[in-house]
Chemist: 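After the structure tokens below, expect a handful of questions from me.
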Amino acid sequence: MASSLVLSSSSSSLLLLLLLCFLFFTTLPQVSATDHIVGANRGWNPGINYTLWANNHTFYVGDYISFRYQKNQYNVFLVNQTGYDNCTTEGAVGNWTSGKDFILFNKTMRYYFICGNGQCNNGMKVSVFVHPLPSPPPSSSEHHSTPKSAAPMILEYLGLKSLMLSFVFVLFGFVLV
């Protein structure tokens with residue numbers, strides 16, 4: 001007796017949807033922003049050479065810098081070069097106090113951070129230059145690489161994927177709320 005496998009219309013639609021979801025999530029590019037933890041395992045504290053730390057990192061637009069410190073003891077201010085050089089918060093354009101602060105680098109420029117409670121004079125200051133995203137290499141079948149941090153590129157890619165996935169949901173009668 002020959003047996004046959006028969007799938008109902010809803011079962012085959014669900015199977016197709018699962019297959020498309022699998023393809024969607026397995027074809028995402030392996031690109032992510034880098035989180036640069038200031039001071040690494042020593043954190044944001046007095047007596048650390050943050051210039052040396054910063055010189056050992058390359059920062060790109062789309063990356064984050066994060067400050068880890070004891071809340072209510074220290075803080076972080078984004079200042080201009082004068083504020084950095086003189087350890088003053090006058091004219092600061094940003095202030096963080098959570099003890100675990102994540103700051104997105106959204107443009108190419110030099111960023112200046114200091115601790116605003118007097119510890120700047122004890123070395124709690126760091127200056128970093130943020131580079132533009134590297135241009136993708138010319139496409140070829142033999143050589144393909146991905147930039148270290150490509151937040152804008154991934155958002156564009158995800159937008160197209162989300163649109164395709166939404167179309168599939170609508171096509172098969174699923175409602176996204």
Side-chain angles (χ1 to χ4, degrees), residues 24-140 142-163 165:
F24 172 78
F25 288 109
T26 58
T27 59
L28 288 176
Q30 300 298 314
V31 180
S32 64
T34 300
D35 177 19
H36 302 274
I37 302 171
V38 176
N41 63 346
R42 295 179 68 193
W44 183 236
N45 290 294
I48 298 173
N49 186 341
Y50 291 109
T51 301
L52 181 61
W53 173 85
N55 288 340
N56 287 314
H57 292 266
T58 303
F59 305 89
Y60 292 102
V61 170
D63 286 351
Y64 289 86
I65 190 168
S66 60
F67 293 83
R68 314 286 171 86
Y69 54 91
Q70 191 169 357
K71 186 178 177 177
N72 299 325
Q73 187 171 1
Y74 304 118
N75 55 31
V76 178
F77 280 85
L78 177 59
V79 296
N80 59 24
Q81 184 175 0
T82 302
Y84 180 83
D85 292 340
N86 299 321
C87 287
T88 63
T89 60
E90 186 176 325
V93 294
N95 178 17
W96 295 267
T97 59
S98 75
K100 195 171 185 181
D101 307 317
F102 296 88
I103 302 163
L104 173 66
F105 291 132
N106 57 4
K107 61 183 175 180
T108 298
M109 63 180 265
R110 179 158 297 279
Y111 290 79
Y112 300 95
F113 299 98
I114 67 169
C115 181
N117 69 354
Q119 294 298 322
C120 177
N121 291 314
N122 291 327
M124 287 183 71
K125 64 183 194 174
V126 63
S127 169
V128 299
F129 183 78
V130 176
H131 299 275
L133 285 172
S135 299
S139 62
S140 76
E142 296 174 10
H143 183 280
H144 179 74
S145 67
T146 304
K148 180 178 178 183
S149 173
M153 209 167 30
I154 187 81
L155 292 177
E156 180 180 321
Y157 182 81
L158 286 176
L160 180 60
K161 289 284 195 166
S162 297
L163 182 64
L165 191 58

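Atoms considered below: every heavy atom in the structure, side chains included; atoms not considered: hydrogens, waters and symmetry mates.
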Chemist: With side chains defined as the heavy atoms from C-beta onward, is the minimum distance between Ile65 and Phe113 less than 4.5 Å?
Modeler: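 Yes; the side chains approach each other to less than 4.5 Å.
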
Chemist: Are any side-chain N or O atoms of Asn95 and backbone N or O atoms of Ala92, one a donor and one an acceptor, separated by less than 3.5 Å?
Modeler: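 No, Asn95 side chain to Ala92 backbone: no donor-acceptor pair under 3.5 Å.
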
Chemist: How would you list, by chain and number, every residue that makes a side chain to side chain donor-acceptor pair (under 3.5 Å) with Trp96, sequence neighbours excluded?
Modeler: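 By the side chain to side chain donor-acceptor pair (under 3.5 Å) rule, Trp96 matches no residue at all.
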
Chemist: Once salt bridge (Lys or Arg N to Asp or Glu O under 4.0 Å) is applied, what residue pairs with a partner in residues 95-113 remain, sequence neighbours excluded?
Modeler: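 Qualifying pairs, neighbours excluded: none.
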
Chemist: Can you pull the salt bridge (Lys or Arg N to Asp or Glu O under 4.0 Å) pairs that have at least one residue in residues 113-138, sequence neighbours excluded?
Modeler: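 Those involving residues 113-138 do not exist here.
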
Chemist: Using every non-hydrogen atom in the two residues, find where Thr89 and Val79 come nearest and quote the distance to one decimal.
Modeler: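 Closest pair (atom of Thr89, atom of Val79, distance): CA-CG1, 4.2 Å.
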
Chemist: Distance check, rounded to the nearest 0.5 Å: Asn45 atom CG versus Gln119 atom CD?
Modeler: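 It comes to 9.0 Å.
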
Chemist: Holding to side chain to side chain contact (heavy atoms under 4.5 Å, CB included), I want the full list of residues that pass it with Asn121, two or more places apart in sequence or in another chain.
Modeler: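 Testing Asn121 for side chain to side chain contact (heavy atoms under 4.5 Å, CB included), a comparison that skips the adjacent residues, returns Cys87.
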
Chemist: Which pair of non-hydrogen atoms, one from Ala54 and one from Val128, has the smallest distance, and what is that distance?
Modeler: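 The pair with the smallest heavy-atom distance is CB-CG1, 3.8 Å.
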
Chemist: Can you check side chain to side chain contact (heavy atoms under 4.5 Å, CB included) on Ile103 and Phe67, steps first, answer last?
Modeler: CA-CA 8 Å; Ile103 302 163; Phe67 293 83; 3.8 Å; yes

Chemist: List the atom of Ser66, the atom of Phe102, and the distance in Å for their closest heavy-atom pair.
Modeler: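 Looks like CB-CD2, 3.6 Å.
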
Chemist: Could you tell me whether the side chain of Tyr112 and the main chain of Gln81 form a donor-acceptor pair under 3.5 Å?
Modeler: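 Such a contact is absent between Tyr112 side chain and Gln81 backbone.
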
Chemist: Judged by atom type as modelled, is there a donor-acceptor pair below 3.5 Å linking the side chain of Asp63 to the main-chain atoms of Thr34?
Modeler: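 Here the side-chain-to-backbone pair exists.
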
Chemist: Taking side chain as C-beta onward, heavy atoms only, is Met109 less than 4.5 Å from Val130?
Modeler: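 Answer no - side chains too far apart.
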
Chemist: Taking the side chain as everything from C-beta on, heavy atoms only, tell me whether Val38 gets closer than 4.5 Å to Tyr69.
Modeler: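 Of all side-chain heavy-atom pairs linking Tyr69 with Val38, none is under 4.5 Å.
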
Chemist: Drop me the distance from Gln73's CD to Asn75's CG, to the nearest 0.5 angstrom.
Modeler: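 Spacing of CD (Gln73) from CG (Asn75) equals 11.0 Å.
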
Chemist: Does the plane of the ring in Tyr50 sit parallel, tilted or perpendicular to the ring in Trp44? Use 30° and 60° as the thresholds.
Modeler: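 Ring orientation, 0 to 90° scale: tilted.
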
Chemist: Just to verify, what does Asn49 make a side chain to side chain contact (heavy atoms under 4.5 Å, CB included) with, not counting sequence neighbours?
Modeler: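 Expected list: Thr51, Leu52.
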
Chemist: Check whether any side-chain heavy atom of Cys120 sits under 4.5 Å from a side-chain heavy atom of Tyr84, and report yes or no.
Modeler: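 The answer is no, as the side chains (C-beta and beyond) never meet within the 4.5 Å cut-off.
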
Chemist: Any salt bridge (Lys or Arg N to Asp or Glu O under 4.0 Å) involving residues 67-92? Give me the pairs, sequence neighbours left out, ordered by first then second residue.
Modeler: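 Passing the test, one end in residues 67-92: Asp35-Arg68.
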
Chemist: Is the shortest side-chain heavy-atom distance between Thr97 and Tyr74 below 4.5 Å?
Modeler: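 Side chain of Thr97 against side chain of Tyr74, heavy atoms only: no contact under 4.5 Å found.
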
Chemist: Going by heavy atoms in the side chains, are Val61 and Phe105 under 4.5 Å from each other?
Modeler: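 Contact flag for Val61/Phe105 side chains = no.
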
Chemist: Please work out which of the three classes, parallel, tilted or perpendicular, describes the rings of His36 and Trp53, given edges at 30° and 60°.
Modeler: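 Because their plane-to-plane angle is over 60°, the rings of Trp53 and His36 count as perpendicular.
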
